[in-house]
Engineer: 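Handing you this structure, nothing more for now.
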Amino acid sequence: MRMTRYFVPVLKETPAEAQIASHRLMLRSGMVRQAAAGIYSWMPLGYRVLKRIEDIVNQEQIRAGHIPLLMPTLQSAALWRESGRYEDYGEEMLRICDRHGRDLLYGPTNEELITDIFRSHVNSYRDLPLTLYHVQWKFRDEIRPRYGVMRGREFLMKDGYNFDVDKASAIHSYNRHMVSYLRTYERMGLKAIPMRADTGPIGGDHSHEFLVLADTGESEVFFDDSILELSLGDRNIDYDCVQTCSAIMEEWTAPYSRTDETHDEALYRASVPEGRRRQSRAIEVGQIFYFGTKYSEPMGATVSDRDGRRVHVHMGSHGIGVSRLVGAIIEASHDEKGIVWPEPVTPFPVGILNLSQRDSNAEAVCQMIYGELVKKGLEPLYDDRDERAGAKFATMDLIGLPWRITVGSRSLAKGVVELSRRSDGESENIVPEHAAERIAEIYAAHF
RNA sequence: CGGGGCGUGGCGCAGUUUGGUAGCGCGGCGGUUUUGGGAACCGCAGGUCGUUGGUUCGAAUCCAAUCGCCCCGACCA
């Protein structure tokens, strides 16, 4: 993409309303624009990141055997009256009335809809286990939206629901989600720590939240330092294997890690050596629940078991805050100059920066590298504006692409271009013909 | 919802106390000179001061209502 043909409305000055780094940087880099309190338009650059995160979420869901579908944003109040939550959910639920006076709501979550779909079409234990999910916009009418997309009213969430014939099977689904979530976050270059959590209004008694450490987080967390060393790496995981999933579950839940809601100071002191105790702020980026028959009973979701008896299905639900992750990743990865994108979610893999825009040789070299990168499936962002070097560097640093190829007549005179890494500024000179290949090698390691 | 604050060119702000017909910086457009870390100069365009009503000879400024937004708190993916 050539910058002169793209649309990245960067701001030199920080908008007054932005308090935290991610909000500030998303506004300044032209990723989002606020449309109303807690509601945002996703500008081209932000939209690319959102899509990359959504892609990773989808890939990992499908890898774990979960089935994508798409439910609507607007739902009929009837189903919610049936589950009893139309009254329980409270003011956070945006209620709408159509021209016929029928009550609708903008879905804050989808347990009722999915249960309705399930009970209408599934009747036998033979069709289980089943996990359905979708990535859809949600609306929760927060009293006070804040922190940009981190606490918006409208937000993009992946929410999934598992249906199992009994508790044992549902617990495996729970563990399987734990594993797939760990892998999902790891693939985004994030350290998200599972922590025992409250179940809140969703109900049930098994729940873990996934938290990303950040000073601006809204949760206070306590954990054993050793959990940070755990990594799935390139383990080959059989998601259908009960032992594999429960072993990983145990591995990650053995070290103490809890949010302030479930924190037990005595247990913390007893089970974590003093040198490994850590307390921090953190951002919640996902949560998994097992809640048994909480919805299947009131809504009559049953299947016939082996003996022909009707039994209520055991369910769980799982969520990943897709739009929130964009902010969370920035909170976890930025510096005073701007964003520092991890390779797996960056809007563009590399930026080409032409410092000598009017030098036809420099332009030719940039175009050659551009073409080579596109051939390798790595579309760069080429800053071909007629700007001074300083402005181009500042913009590129702000946008935060992980790699930059700097082309200028000065280095071209020596037959090289400069390849530099955003995270630490380290750079090397390479001949232009090798630039695309080097970028391809770097990215090969991430996919 | 309780407490605090703010709405003035695209962005950041001054002007409001003490009414007299709107200004600065950035950005935009044209031009000249520049060109490896947000350039300099010259010129130009752009605002019914959130909205409505009131007071007044006259309102960005005073009064009332209303809409929107932000911050702290309780709530939350």
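Since we're looking at a predicted model, the values are computed, not measured. Protein chains get the first letters and strands the later ones, always in sequence-line order, with residue 1 at the start of each. Just so you know, these numbers use all the heavy atoms, side chains as well, and skip hydrogens, waters and symmetry mates.
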Engineer: Taking only residues two or more places apart in sequence, or in another chain, which ones meet A:F163 in a ring-ring contact (aromatic ring centres under 6.0 Å, His included)?
Structural biologist: A:F118
Engineer: Measure the acute angle between the ring planes of A:H446 and A:Y443, then classify it against the limits of 30° and 60° as parallel, tilted or perpendicular.
Structural biologist: tilted
Engineer: Would you say that A:W341 contacts A:V49 through its side chain, given a criterion of any heavy-atom pair below 4.5 Å between the two side chains?
Structural biologist: yes
Engineer: Return the nucleotide paired to B:rC1: Watson-Crick means purine N1 to pyrimidine N3 with N6-O4 or O6-N4, wobble means G-U with N1-O2 and O6-N3, both under 3.5 Å.
Structural biologist: B:rG73
Engineer: Name the nucleic acid region contacted by A:G319, choosing base, sugar-phosphate or nothing; use a 4.0 angstrom heavy-atom cut-off, strictly under.
Structural biologist: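 Answer is nothing: A:G319 stays at 4.0 Å or more from every strand.
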Engineer: Over all strands shown, is A:E209 touching base, sugar-phosphate only, or nothing at heavy-atom distances under 4.0 angstrom?
Structural biologist: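 The answer is nothing, as A:E209 stays clear of every strand by at least 4.0 Å.
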Engineer: When the C1' atoms of B:rG25 and B:rA40 are considered, how many whole Å apart are they?
Structural biologist: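 These two C1' atoms come out 16 Å apart once rounded.
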Engineer: Under a 3.5 Å limit for both distances, which nucleotide forms a Watson-Crick or G-U wobble pair with B:rC6, could you say?
Structural biologist: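 Answer to the pairing question: B:rG68, which forms a Watson-Crick or G-U pair with B:rC6.
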Engineer: What nucleic acid atoms does A:S411 come within less than 4.0 Å of, heavy atoms only: base, sugar-phosphate, or nothing?
Structural biologist: base
Engineer: Grab the CD1-C1' distance between A:I143 and B:rC69 for me, whole Å please.
Structural biologist: 17 Å
Engineer: Please identify which of these residues, A:T395, A:T4, A:N354, meets the side chain to side chain donor-acceptor pair (under 3.5 Å) condition with A:R385.
Structural biologist: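 Answer after filtering A:T395, A:T4, A:N354: A:T395.
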Engineer: Looking only at the side chain of A:A391 (C-beta and beyond, no hydrogens), which of the listed nucleotides B:rG38, B:rA77, B:rG73 gets closest?
Structural biologist: B:rG38
Engineer: Decide yes or no on salt bridge (charged side-chain N to carboxylate O under 4.0 Å, His left out) for A:E154 and A:K138, but give the supporting numbers first.
Structural biologist: CA-CA 6 Å; A:E154 186 185 53; A:K138 305 289 186 290; over 6 Å; no
Engineer: A:Y147 near the nucleic acid: base, sugar-phosphate alone, or nothing, with a heavy-atom cut-off under 4.0 Å?
Structural biologist: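 Here A:Y147 touches the backbone only, sparing every base.
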Engineer: For B:rU16, give its Watson-Crick or G-U wobble partner with both distances under 3.5 Å, or none.
Structural biologist: none
Engineer: What do you reckon, are the aromatic ring centroids of A:Y147 and A:H23 less than 6.0 Å apart?
Structural biologist: no
Engineer: Nearest whole Å is fine: how far is B:rG38 C1' from A:D383 CG?
Structural biologist: 12 Å
Engineer: Between B:rG73 atom C1' and A:R144 atom CZ, what is the distance in whole Å?
Structural biologist: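 It is 8 Å, rounded to the nearest whole Å.
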Engineer: Between B:rG37, B:rC1, B:rC71, which nucleotide has the shortest distance from any of its atoms to the side chain of A:Q19?
Structural biologist: B:rC71
Engineer: Using heavy-atom distances to pick each residue's nearest nucleotide on RNA chain B, tell me which of A:E284 and A:K392 is more 5'.
Structural biologist: A:K392
Engineer: Please tabulate, one pair per line, each protein N/O and nucleotide N/O from nucleotides 28-35 of chain B that are separated by under 3.5 Å, including the distance.
Structural biologist:
| residue | atom | partner | partner atom | Å |
| --- | --- | --- | --- | --- |
| B:rU34 | O2 | A:R388 | NH1 | 2.7 |
| B:rU35 | O4 | A:R358 | NH1 | 3.0 |

Engineer: Tell me if the CZ atom of A:R146 is crowded by more than 12 foreign heavy atoms within 6.0 Å.
Structural biologist: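 More than 12 heavy atoms, drawn from other residues, nucleotides or ligands, come within 6.0 Å of this atom.
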Engineer: Rounded to whole angstroms, how far apart are CG on A:L412 and C1' on B:rG36?
Structural biologist: 12 Å
Engineer: When you measure from the side chain of A:R52 to the backbone N and O of A:P344, does any donor-acceptor pair fall under 3.5 Å?
Structural biologist: yes
Engineer: Between A:Y106 (OH) and B:rA77 (P), how many Å, whole number?
Structural biologist: 17 Å
Engineer: Would you kindly give the NE2-to-C1' distance between A:H134 and B:rA77, to the nearest whole Å?
Structural biologist: 13 Å
Engineer: Could you check if a side-chain atom of A:R196 sits within less than 4.5 angstrom of a side-chain atom of A:S257, using non-hydrogen atoms only?
Structural biologist: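 The answer is no; the side chains never approach within 4.5 Å.
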Engineer: Which part of the nucleic acid, if any, lies within contact of A:R24, taking any heavy atom under 4.0 Å across all strands shown: a base, the sugar-phosphate backbone alone, or nothing?
Structural biologist: nothing
Engineer: Under 5.5 Å centre to centre and under 30° between planes: does that hold for A:F393 and the six-membered base ring of B:rG36?
Structural biologist: no
Engineer: Using whole Å, what does the distance between atom P of nucleotide B:rA74 and atom CD of A:E142 come to?
Structural biologist: 14 Å
Engineer: For the side chain of A:S356 and the base of B:rG36, is some donor closer than 3.5 Å to an acceptor across the two?
Structural biologist: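 Answer no: no donor N or O sits under 3.5 Å from an acceptor.
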Engineer: State whether the number of non-hydrogen atoms from other residues, nucleotides or ligands found under 6.0 Å of A:E91 atom CD is greater than 12.
Structural biologist: no
Engineer: Taking RNA chain B as the partner, which of residues 415-437 of chain A come within under 4.0 angstrom of it by heavy atom?
Structural biologist: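 Within residues 415-437 of chain A, the residues near RNA chain B are A:E418.
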Engineer: Would one find a side-chain N or O of A:R146 under 4.0 angstrom from OP1 or OP2 of B:rA74?
Structural biologist: no
Engineer: Are the side chains of A:Y89 and A:T109 in contact, using a 4.5 Å heavy-atom criterion?
Structural biologist: yes
Engineer: Atom CD1 of A:I352 to atom C1' of B:rG36: distance rounded to whole Å?
Structural biologist: 17 Å
Engineer: Does CG belonging to A:D215 count more than 12 external heavy atoms closer than 6.0 Å?
Structural biologist: no
Engineer: Indicate, with a heavy-atom threshold strictly under 4.0 Å, whether A:G152 touches base, sugar-phosphate, or nothing.
Structural biologist: base
Engineer: Whom does B:rC41 pair with, Watson-Crick or G-U wobble, provided both distances fall under 3.5 Å?
Structural biologist: B:rG31
Engineer: Strictly below 4.0 Å: does A:K12 bring a side-chain N or O up to OP1 or OP2 of B:rC26?
Structural biologist: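 The answer is no; no side-chain N or O of A:K12 sits under 4.0 Å from OP1 or OP2.
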Engineer: Using atom P of each nucleotide, how far apart are B:rA45 and B:rC6 to the nearest Å?
Structural biologist: 34 Å
Engineer: Which part of the nucleic acid, if any, lies within reach of A:D397 when heavy atoms closer than 4.0 Å are counted: base, sugar-phosphate only, or nothing?
Structural biologist: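 Since a base atom lies under 4.0 Å of A:D397, the category is base.
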Engineer: Quick one: which protein N/O atoms are closer than 3.5 Å to N/O atoms of nucleotides 10-13 of chain B? Pair and distance per line, please.
Structural biologist:
| residue | atom | partner | partner atom | Å |
| --- | --- | --- | --- | --- |
| B:rC11 | O2 | A:E13 | OE1 | 3.1 |
| B:rG12 | OP1 | A:A16 | N | 3.3 |

Engineer: Quick check: on RNA chain B, is the nucleotide nearest A:H23 upstream (toward 5') of the one nearest A:V10, or the reverse? Name the residue that is more 5'.
Structural biologist: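 Its nearest nucleotide lies further toward 5', so the answer is A:V10.
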Engineer: Select one nucleotide: of B:rG38, B:rG37, B:rC70, the one nearest the side-chain heavy atoms of A:A37.
Structural biologist: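 Among B:rG38, B:rG37, B:rC70, the one nearest the side chain of A:A37 is B:rC70.
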Engineer: Under 3.5 Å, which donor-acceptor pairs link side chains of residues 424-434 of chain A to any protein atom two or more places apart or in another chain?
Structural biologist:
| residue | atom | partner | partner atom | Å |
| --- | --- | --- | --- | --- |
| A:D424 | OD1 | A:E426 | N | 3.0 |
| A:D424 | OD2 | A:R421 | NH1 | 2.8 |
| A:E428 | OE2 | A:R438 | NH2 | 2.7 |

Engineer: Are there over 12 heavy-atom neighbours, none belonging to A:R33, within less than 6.0 Å of that residue's CZ?
Structural biologist: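 Count not over threshold, so no.
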Engineer: Under the side chain to side chain donor-acceptor pair (under 3.5 Å) rule, what pairs show up with a residue in residues 397-407 of chain A, not counting sequence neighbours?
Structural biologist: A:E343-A:W403, A:R404-A:T406, A:R404-A:S420
Engineer: Check whether any side-chain N or O of A:Q34 sits under 4.0 Å from OP1 or OP2 of B:rG68, and answer yes or no.
Structural biologist: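 The answer is no; no side-chain N or O of A:Q34 sits under 4.0 Å from OP1 or OP2.
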Engineer: Base, sugar-phosphate or nothing for A:R28? Non-hydrogen atoms, less than 4.0 Å.
Structural biologist: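 Here A:R28 touches the bases of the nucleic acid.
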